[in-house]
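No experiment lies behind these values; they were computed from the predicted model shown.
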Amino acid sequence: SITPITGSSSWLCARRFDDMSRIAGIVTTNPDFNLTGMLKPQMALACWESVILENGSVRLGYTGGNAGCAVRNPEVSVILDGTIYNAGELGEGTDAEIILQLYEQHGFADTLTRVNGDFAIALFDSKSGELWLGRDRIGVKPLYYAQTVDGFAFASRCKPLLQLPGVSKEPNRQYVALVAASHYRHFDNQPEKSPYQVIAQLPAASWLRVKDGDHSVGTYWELRDLPDWEDTEEKLAQRYRELLLDATQIRMARSAKPGFTLSGGMDSSSVISSAVKVTGEKQEAFSSVYEDKTYDESEDIHTILDSTVSQWHRVEVSNPDVFGLIEKMVAVNDEPVATATWLSHYIVCEEVAKNGITHLFGGLGGDELNAGEYEHFFPFFADLKIAGRQQLLENEVGKWVEYHNHPIYQKSYAVMEEMVGKVCDQSQIGVCRPDRERLERYRDLLNPDFFDLSSFQPVMDHPFESYLKNRCFQDIFRETSPCCLRAQDRQGMAFGIQHVMPFFDYRLVELLFR
């Protein structure tokens, strides 16, 4: 028999969220260990209920919405942070119940391959004595772990682990140095690390198994260098369109009261347009706006309002109390916050929460999947050069100069060749190089006795023969996306908001990398 778990303590907040929780657990021989005390640091920013599942030396707990987050039968216990978007295809019941059913049929790693969602999962099988952890393919939901004095522990954030005996607060010096004196793209170059020396992070698309005091980590999903699709552009466009619409629809179906961030770009406008298409209704949108027209995108946003937006919330970010906001943001994030973008995001989240929005849709992933960053020009040019497509290369560089020339930062064919040589290793096809100038721009502000930034060599993944594909892969798994996902998750949680990103549906990722 399967027993859905609900909490016994009274609710302190008026809002309930089925898919919003934080999880934690411990393997310990201490019979008096208080897991609720470990969960409290994850509850500090919102008034959520906690539930504890105990099975011998293993204790699992979550704090958050009480529907669908936990389940157990006589042998297996499951806790879940997140949402399974294809639950209807997999079985019946809550998300946690479906995970349990799949596990009993297919095992843990194979269960993860069948799930389309944003999740962190913990499962304990008392019969096999195995504790399993799993994280979604892109790393939307966080999960950290550490060895304790007498066992093993995990949590959605580092702070609960720091309360445990044997878990040192000693910082990871490389992480601190990168945050203090480098570009935010490099903070998450090693996704298995955390800001603390002895706390590890479970990377995206990974599982972890604990048994008899030992743990091992494996990968259940990866992108492979498969041949590019040979369908016509029209057929590929149609397939892309259908997948984006479906990715949006299955997420809308799990959203209590959706809202949408809307900028002047194509990624967020594509998401809200897809939502209008699948629901037949205009949607509520939120945009950060600025007095300084250098940064304000209102003019571009206005072009889409009539067709997609039922109510537009202009969130003014003109004269914020910067230091007061940073103090709040550091408390929410448990660590420094990377860029000014996230200060604006914090202000937007506050306004979104005031309007009762529970799920905030955005365009994160659009740039990374569609080569929409400025940095993507140079690996694209390198691919054309290696392929010997000289005429197309000259045409593309000509348009790059036409649209992006700048009085200070001049563009030309010679500048293109210089930059390609700088960030693309032409002796190894497809291998991108780090931008050392950007990496070390503030190196002199850092005490070299603390950490020598010049010794830091970023991991540059190259699973593909294409420079451009490898650059985009790097952005998703080691550079821009992890930092953004973490800030979105923590700042959203602080206001009771779940962030939703249809572009990061793994089916779209697989399509666009071909």
Rounded to the nearest 0.5 Å, how far does [atom2] of [Y] lie from [atom1] of [X]?
{"X": "F361", "Y": "H499", "atom1": "CZ", "atom2": "NE2", "value": "11.5 Å"}
{"X": "K354", "Y": "C349", "atom1": "NZ", "atom2": "SG", "value": "12.5 Å"}
{"X": "E97", "Y": "L90", "atom1": "CD", "atom2": "CG", "value": "13.5 Å"}
{"X": "I497", "Y": "T358", "atom1": "CD1", "atom2": "OG1", "value": "9.0 Å"}
{"X": "L123", "Y": "L133", "atom1": "CG", "atom2": "CG", "value": "9.5 Å"}
{"X": "D367", "Y": "C484", "atom1": "CG", "atom2": "SG", "value": "10.0 Å"}

Counting N and O atoms only, with roles assigned by atom type, does the side chain of [X] sit under 3.5 Å from a partner on the main chain of [Y], one being a donor and the other an acceptor?
{"X": "S287", "Y": "L262", "value": "yes"}
{"X": "T111", "Y": "Y103", "value": "yes"}
{"X": "S288", "Y": "V315", "value": "no"}
{"X": "S274", "Y": "L244", "value": "no"}
{"X": "N172", "Y": "Q174", "value": "yes"}
{"X": "T308", "Y": "I304", "value": "yes"}
{"X": "D489", "Y": "L485", "value": "no"}
{"X": "D136", "Y": "K141", "value": "yes"}
{"X": "Q201", "Y": "S194", "value": "no"}
{"X": "Y220", "Y": "R135", "value": "yes"}

Does a salt bridge link [X] with [Y], judged by any charged N lying under 4.0 Å from a carboxylate O?
{"X": "R114", "Y": "E89", "answer": "no"}
{"X": "K469", "Y": "D461", "answer": "no"}
{"X": "D95", "Y": "R254", "answer": "yes"}
{"X": "R185", "Y": "D435", "answer": "no"}
{"X": "E350", "Y": "K328", "answer": "no"}
{"X": "D188", "Y": "R478", "answer": "no"}
{"X": "E242", "Y": "R507", "answer": "no"}
{"X": "E375", "Y": "R438", "answer": "yes"}

Of all heavy-atom pairs between [X] and [Y], which one has the smallest distance, and what is that distance?
{"X": "I79", "Y": "Y62", "value": "CG2-CD2, 4.4 Å"}
{"X": "L35", "Y": "G25", "value": "CD1-CA, 4.3 Å"}
{"X": "C483", "Y": "Y184", "value": "SG-CD1, 4.1 Å"}
{"X": "G134", "Y": "L143", "value": "O-CD2, 4.1 Å"}
{"X": "M38", "Y": "A155", "value": "CE-CB, 4.3 Å"}
{"X": "V317", "Y": "Y290", "value": "O-CD2, 3.2 Å"}

Could you check whether [Y] and [X], counting side-chain N and O atoms only, form a donor-acceptor pair closer than 3.5 Å?
{"X": "H376", "Y": "D475", "answer": "yes"}
{"X": "S270", "Y": "D267", "answer": "no"}
{"X": "N370", "Y": "Y240", "answer": "yes"}
{"X": "T480", "Y": "E368", "answer": "yes"}
{"X": "H313", "Y": "E351", "answer": "no"}

Could you tell me if the side chain of [Y] sits less than 4.5 Å from the side chain of [X], heavy atoms only?
{"X": "F504", "Y": "L364", "result": "yes"}
{"X": "L53", "Y": "R59", "result": "no"}
{"X": "D296", "Y": "D292", "result": "no"}
{"X": "L243", "Y": "L511", "result": "yes"}
{"X": "I199", "Y": "L162", "result": "yes"}
{"X": "T28", "Y": "T148", "result": "no"}
{"X": "W342", "Y": "Q491", "result": "yes"}
{"X": "N116", "Y": "I250", "result": "yes"}

Classify the ring geometry between [X] and [Y] as parallel (under 30°), tilted (30 to 60°) or perpendicular (over 60°).
{"X": "F154", "Y": "F152", "result": "tilted"}
{"X": "F513", "Y": "F473", "result": "perpendicular"}
{"X": "Y145", "Y": "H215", "result": "perpendicular"}
{"X": "Y346", "Y": "F495", "result": "perpendicular"}

Geometric cation-pi criterion R173 and F451, 6.0 Å radius, 45° cone: no

Crowded around [X] [atom1]? As in, over 12 foreign heavy atoms under 6.0 Å?
{"X": "Y374", "atom1": "OH", "result": "yes"}
{"X": "K282", "atom1": "NZ", "result": "yes"}
{"X": "F450", "atom1": "CZ", "result": "yes"}
{"X": "Y442", "atom1": "OH", "result": "no"}
{"X": "M460", "atom1": "CE", "result": "yes"}
{"X": "Q163", "atom1": "CD", "result": "yes"}
{"X": "E92", "atom1": "CD", "result": "no"}

Pair E222, R137 - check salt bridge (Lys or Arg N to Asp or Glu O under 4.0 Å), show working. CA-CA 8 Å; E222 61 184 2; R137 291 171 176 83; over 6 Å; no

Do R471 and E479 pass the salt bridge (Lys or Arg N to Asp or Glu O under 4.0 Å) test, and can you show the C-alpha distance, the side-chain angles, and the key distance before you say yes or no? CA-CA 10 Å; R471 177 67 262 175; E479 292 198 9; 2.6 Å; yes

Stepwise side-chain contact (heavy atoms from CB on, under 4.5 Å) test for F477 and I138: CA-CA 7 Å; F477 295 104; I138 306 300; 4.2 Å; yes

Taking it one step at a time, do E316 and R314 satisfy salt bridge (Lys or Arg N to Asp or Glu O under 4.0 Å)? CA-CA 6 Å; E316 293 277 354; R314 301 174 75 258; 3.4 Å; yes

Stepwise, does the side-chain contact (heavy atoms from CB on, under 4.5 Å) test hold for T83 with Q498? CA-CA 10 Å; T83 310; Q498 184 87 342; 4.0 Å; yes

